[in-house]
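Please read these numbers as outputs of a predicted model, since none were measured by experiment.
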Amino acid sequence: MIKGIRSKLNNCSGETLAETLIAVLISALALVLLFSMITASSRLIRNGEEKIDEMYDGSKKIEQKTADVKPNVTVIIEDKDSLSIPHFKMEVKVNVYTDDESSLTSYECAD
């Protein structure tokens, strides 16, 4: 391999036009692929940041109780496991906080 490289360097005939055009074509193709990868990754990063911001905003709304609220919703908790004895069923009143933008939901026991 080293002999082949050394003979190429010592050869005075140079590259042919076809070899040069192919090398330029390969280089241009590599640059186009690199640019498209950079564009796609920046788009993914931007979309991820927007989703994270939506989640933080929704979480903040729910924590501050400024999200949409459905008060005194009855939730039924039932043990349907056949192995447990005794079976139980319990009704609990909760306030349901939802944020439609982030699709977050939180529950709090109603007073």
Side-chain angles (χ1 to χ4, degrees):
M1 175 146 179
I2 295 176
K3 288 182 182 180
I5 294 172
R6 186 166 289 167
S7 67
K8 187 77 167 172
L9 291 173
N10 291 333
N11 190 353
C12 295
S13 65
E15 300 284 330
T16 64
L17 181 61
E19 290 174 334
T20 304
L21 289 177
I22 290 174
V24 169
L25 178 68
I26 291 172
S27 299
L29 184 62
L31 287 174
V32 167
L33 291 174
L34 179 66
F35 179 74
S36 66
M37 287 187 334
I38 290 171
T39 304
S41 65
S42 65
R43 189 179 320 118
L44 285 173
I45 290 170
R46 191 174 338 109
N47 289 343
E49 288 174 347
E50 289 172 2
K51 286 286 187 185
I52 288 173
D53 289 343
E54 285 177 10
M55 296 298 282
Y56 280 129
D57 291 342
S59 177
K60 185 177 178 181
K61 286 178 185 177
I62 287 175
E63 286 176 4
Q64 294 176 348
K65 299 181 183 174
T66 57
D68 297 333
V69 63
K70 295 177 187 169
N72 293 322
V73 176
T74 302
V75 176
I76 299 173
I77 301 171
E78 186 174 359
D79 182 13
K80 294 184 178 181
D81 186 4
S82 62
L83 299 176
S84 66
I85 299 174
H87 296 286
F88 70 92
K89 183 176 180 180
M90 180 171 52
E91 292 185 8
V92 178
K93 298 273 188 188
V94 295
N95 297 328
V96 180
Y97 297 94
T98 57
D99 180 51
D100 293 331
E101 293 175 14
S102 63
S103 302
L104 291 175
T105 303
S106 179
Y107 302 92
E108 173 185 59
C109 287
D111 294 330

Extract all donor-acceptor atom pairs below 3.5 Å that involve side chains of residues 56-67 and protein atoms in other chains or at least two apart in sequence.
| from | atom 1 | to | atom 2 | distance (Å) |
| --- | --- | --- | --- | --- |
| K65 | NZ | E108 | OE2 | 2.7 |
| T66 | OG1 | K61 | O | 3.3 |

Under 4.5 Å between side-chain heavy atoms, chaining through other members, with only Ile, Leu, Val, Met, Phe, Trp and Tyr counted: pull out the rest of the cluster around L25, sorted by chain and number.
none
Other cluster members, M37 - Ile/Leu/Val/Met/Phe/Trp/Tyr, side-chain contacts below 4.5 Å:
L34, I38
Side-chain donor-acceptor pairs of residues 70-77 under 3.5 Å, sequence neighbours excluded:
| from | atom 1 | to | atom 2 | distance (Å) |
| --- | --- | --- | --- | --- |
| T74 | OG1 | K93 | NZ | 3.1 |

From CD1 (I22) to OG (S27), nearest 0.5 Å
12.0 Å
Starting from L33, walk the hydrophobic network (Ile, Leu, Val, Met, Phe, Trp, Tyr; side-chain heavy atoms closer than 4.5 Å) and list everyone else you reach, by chain and number.
L29
L21 with L31, same ILVMFWY side-chain cluster at under 4.5 Å:
no
Co-membership, hydrophobic cluster, residues V69 and Y107, 4.5 Å side-chain
no
Atom pair OG1/CG of T98 and D68 - distance to nearest 0.5 Å:
4.5 Å
According to the salt bridge (charged side-chain N to carboxylate O under 4.0 Å, His left out) rule, which pairs have a member within residues 35-55, sequence neighbours left out?
none
In the single-linkage hydrophobic clustering (I, L, V, M, F, W, Y; side-chain heavy atoms under 4.5 Å), do I52 and L44 co-cluster?
no
